[in-house]
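A short write-up of the structure that comes next.
Throughout, numbering of the chain's residues begins at 1 and tracks the sequence. Nothing here was measured: the structure is a model prediction, and the numbers come from that model. In listed order, ligands and their atoms are each counted from 1.
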Amino acid sequence: MTHTTQKRLFIKTYGCQMNVYDSERMKDVLAPLGYTSVDAPDDADLVLLNTCHIREKATEKVFSELGQLKRMKQSSGGKMLIGVTGCVAQAEGEEIMRRQPAVDLVLGPQAYHKLPEMIARVHRAAKERLETEFEVEEKFDALPSDRQADGPTAFLSVQEGCDKFCSFCVVPYTRGAEFSRPVDAIVAEARSLIRQGVREINLLGQNVNAFHGPAPVLEGGDDWNLAQLIRHLAKIDGLERIRFTTSHPRDMDDDLIAAFGDTPKLMPYLHLPVQAGSDNILKAMNRGHTAEHYIDIIDRIRAVRPDIAITSDFIVGFPGESDADFEDTMKIVERIDYAAAYSFKYSRRPGTPAADMFAQVPEEVKDERLQRLQALIREQQTAFNQSQVGKVLPVLVTGKARNEGQMAGRTPYLQATHFECDEDLTGQIVNVRIEKATLNSVGGQLADVPETVI
Ligand code: SAH
Ligand code: SF4
Ligand code: F3S
């Protein structure tokens, strides 16, 4: 047996949960080469920036971070390897190499299984430092099905890519076309996680509810939708909670809506981005649905699961957004009553159709609209958290809380929760009587009552 020397790996992750998942998988791929994760870039042998291209600011951060890393690399005598992965790597690979020669390798999101090969090439001082082909099938086949779990909850990618081409968005260009993994591969990965103590799995995809992966041969081998996958996973002992993100309104089919009513392991939480409330803007965004269609979906989900927490993403100041259009966004927020939501100022992304639209909205107008929208969302979020006060909720304990003598976890509605407890109950689902609520969390006491059904 050969002896691998220990090497230090630091990965900094930007952007969405898909990137968080991918960073974990890169650690899995690099572990056999002797790389172990460290918490800071100082003295690391390999630093990877797993980047996000969604808004201009996210992209800028990467270049300033690279400037700092370059200095660290110099003081390490050039020993530190620097890699850029993720969506900026995919979109601006050539540019990165030109602007920052300290970068040793650039890999797009479909090439992570090639990391060991790329590192070997760098050590041989070869020229090919850029790998941004789209070969998503190969990526998943080549990644090990064994996972290193980190705590009782885990992400699991089931779908990648996007065919929707919203006119503001870079994702279809950085992540490629929609692709769904086979159910067997997903189950194998889920079982590996559960063996290591994972009790909650969050199924990921840029358009996760467009999932249509081939079923196991014994189950007929036809393509399954997301609801069928969820019901299948729900049969696995030891897996207690299932979530999925992110969904698109156009793919919210009747079967998935029904699953919220018939599959208790599917948590009462749905992130369903609407982006805007005006039909004119939704059309210009190429979202493929109206405000009414979105409201109808939420009403139907609430009919089968009245307590469900609904969250969303919003963009304010899309080109051409008038005052009246923005008021329609405020109206849909009032109508839906969200448990939480993310909102962003429209960011012009070169190469996307909206970047060339006339009537870009002035920055001050965007600022003002964002503040009004966020104030309303904060109000709703606080009200949602306060509505849990007095209830006993099953909380999946994720670890110690920041305050001494407290543990932290999540309610079925994904609320951050803390409760007094001296014992380390990580990984257990315990009943907590909720006594107080703020904008960002709920808190309470362990409740000595029989398990509540939720
Ligand atoms: N596939 C998901 C997530 C896409 S990116 C979806 O369809 O919802 C996450 C969020 O970033 C989007 O929902 C959108 O609100 C925001 N976003 C995407 N492009 C943007 C842009 N150019 N400017 C501002 N926000 C943007
Ligand atoms: Fe982007 Fe739209 Fe695809 Fe979401 S659905 S990733 S917003 S193009
Ligand atoms: Fe960002 Fe790419 Fe995710 S652009 S939001 S990291 S898919």
Side-chain angles (χ1 to χ4, degrees), residues 11-23 48-62 84-92 107-110 112 132 134 136 155 157 159-179 204-211 244-252 270-277 281-282 284-289 294 311-319 321 329 340-357 360-361 363 366 369-370 373-374 377:
I11 306 186
K12 182 154 182 176
T13 309
Y14 302 83
C16 63
Q17 287 119 328
M18 307 288 293
N19 265 11
V20 176
Y21 173 85
D22 283 342
S23 291
L48 295 174
L49 297 186
N50 196 11
T51 62
C52 174
H53 199 240
I54 202 83
R55 282 168 290 273
E56 200 180 349
K57 274 212 181 97
T59 308
E60 278 167 12
K61 266 193 222 149
V62 175
V84 182
T85 63
C87 292
V88 182
Q90 185 64 44
E92 297 184 14
L107 277 99
Q110 313 310 345
Y112 297 151
T132 50
F134 280 123
V136 64
F155 290 132
S157 273
Q159 184 275 342
E160 280 220 32
C162 181
D163 300 338
K164 301 291 188 289
F165 291 92
C166 298
S167 59
F168 51 83
C169 184
V170 296
V171 171
Y173 314 98
T174 62
R175 294 275 172 168
E178 287 179 8
F179 165 82
L204 295 184
Q206 264 92 21
N207 272 292
V208 71
N209 59 343
F211 176 84
F244 60 88
T245 200
T246 292
S247 303
H248 193 289
R250 258 160 66 189
D251 294 313
M252 208 63 220
L270 175 67
H271 182 62
L272 193 65
V274 66
Q275 315 295 356
I281 297 297
L282 289 170
M285 286 177 161
N286 192 33
R287 289 288 291 176
H289 62 84
Y294 180 88
T311 68
S312 181
D313 293 342
F314 292 92
I315 294 177
V316 301
F318 184 83
E321 186 186 70
T329 295
Y342 297 99
S343 44
F344 313 98
K345 286 189 282 183
Y346 168 72
S347 172
R348 209 179 141 264
R349 308 307 288 128
T352 61
D356 302 324
M357 286 179 186
Q360 298 283 331
V361 174
E363 211 53 27
K366 286 189 201 168
R369 288 179 185 167
L370 188 69
L373 177 60
Q374 291 190 335
I377 291 165

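- Within ligand 3, counting atoms from 1 as listed, the ones closer than 4.0 Å to a heavy atom of C87 are 2 (Fe), 4 (S), 6 (S), 7 (S).
- Scanning the protein for heavy atoms near atom 9 (C) of ligand 1, the closest one is D313 OD2, 3.7 Å.
- Of all the atoms in ligand 3, the ones that sit under 4.0 Å from a non-hydrogen atom of Q206 are 7 (S).
- Counting protein heavy atoms only, atom 3 (C) of ligand 1 is closest to T246 CG2, 4.4 Å.
- At the shortest separation from atom 25 (N) of ligand 1 among protein heavy atoms lies R55 NH1, 3.3 Å.
- Close approach to N19 involves these atoms of ligand 3, each under 4.0 Å from a residue heavy atom: 6 (S).
- For atom 1 (Fe) of ligand 2, the nearest non-hydrogen atom from the set P172, C169, G161 belongs to C169.
- Looking at atom 4 (S) of ligand 3, its nearest protein heavy atom turns out to be H53 N, 3.2 Å.
- The protein heavy atom nearest to atom 5 (S) of ligand 1 is I54 CD1, 3.4 Å.
- Using a 4.0 Å cutoff on heavy atoms, V171 does not count as a contact of ligand 1.
- Note on ligand 1: K164 sits outside its first shell, no heavy atom being nearer than 4.0 Å.
- In this structure, R287 has a heavy atom closer than 4.0 Å to ligand 2.
- Using a 4.0 Å cut-off to heavy atoms of F165, the atoms of ligand 2 that qualify are 8 (S).
- For atom 3 (Fe) of ligand 3, the nearest non-hydrogen atom of the protein is C16 SG, 2.3 Å.
- Listed by number with element, the atoms of ligand 3 under 4.0 angstrom from any heavy atom of C52 are 1 (Fe), 4 (S), 5 (S), 6 (S).
- For a distance bound of 2.8 Å, the N, O or S atoms of C162 include none lying that close to atom 1 (Fe) of ligand 2.
- The closest approach between a heavy atom of H248 and any atom of ligand 2 is below 4.0 Å.
- The distance from ligand 1 to the heavy atoms of K345 drops below 4.0 Å at these ligand atoms: 23 (N), 24 (C).
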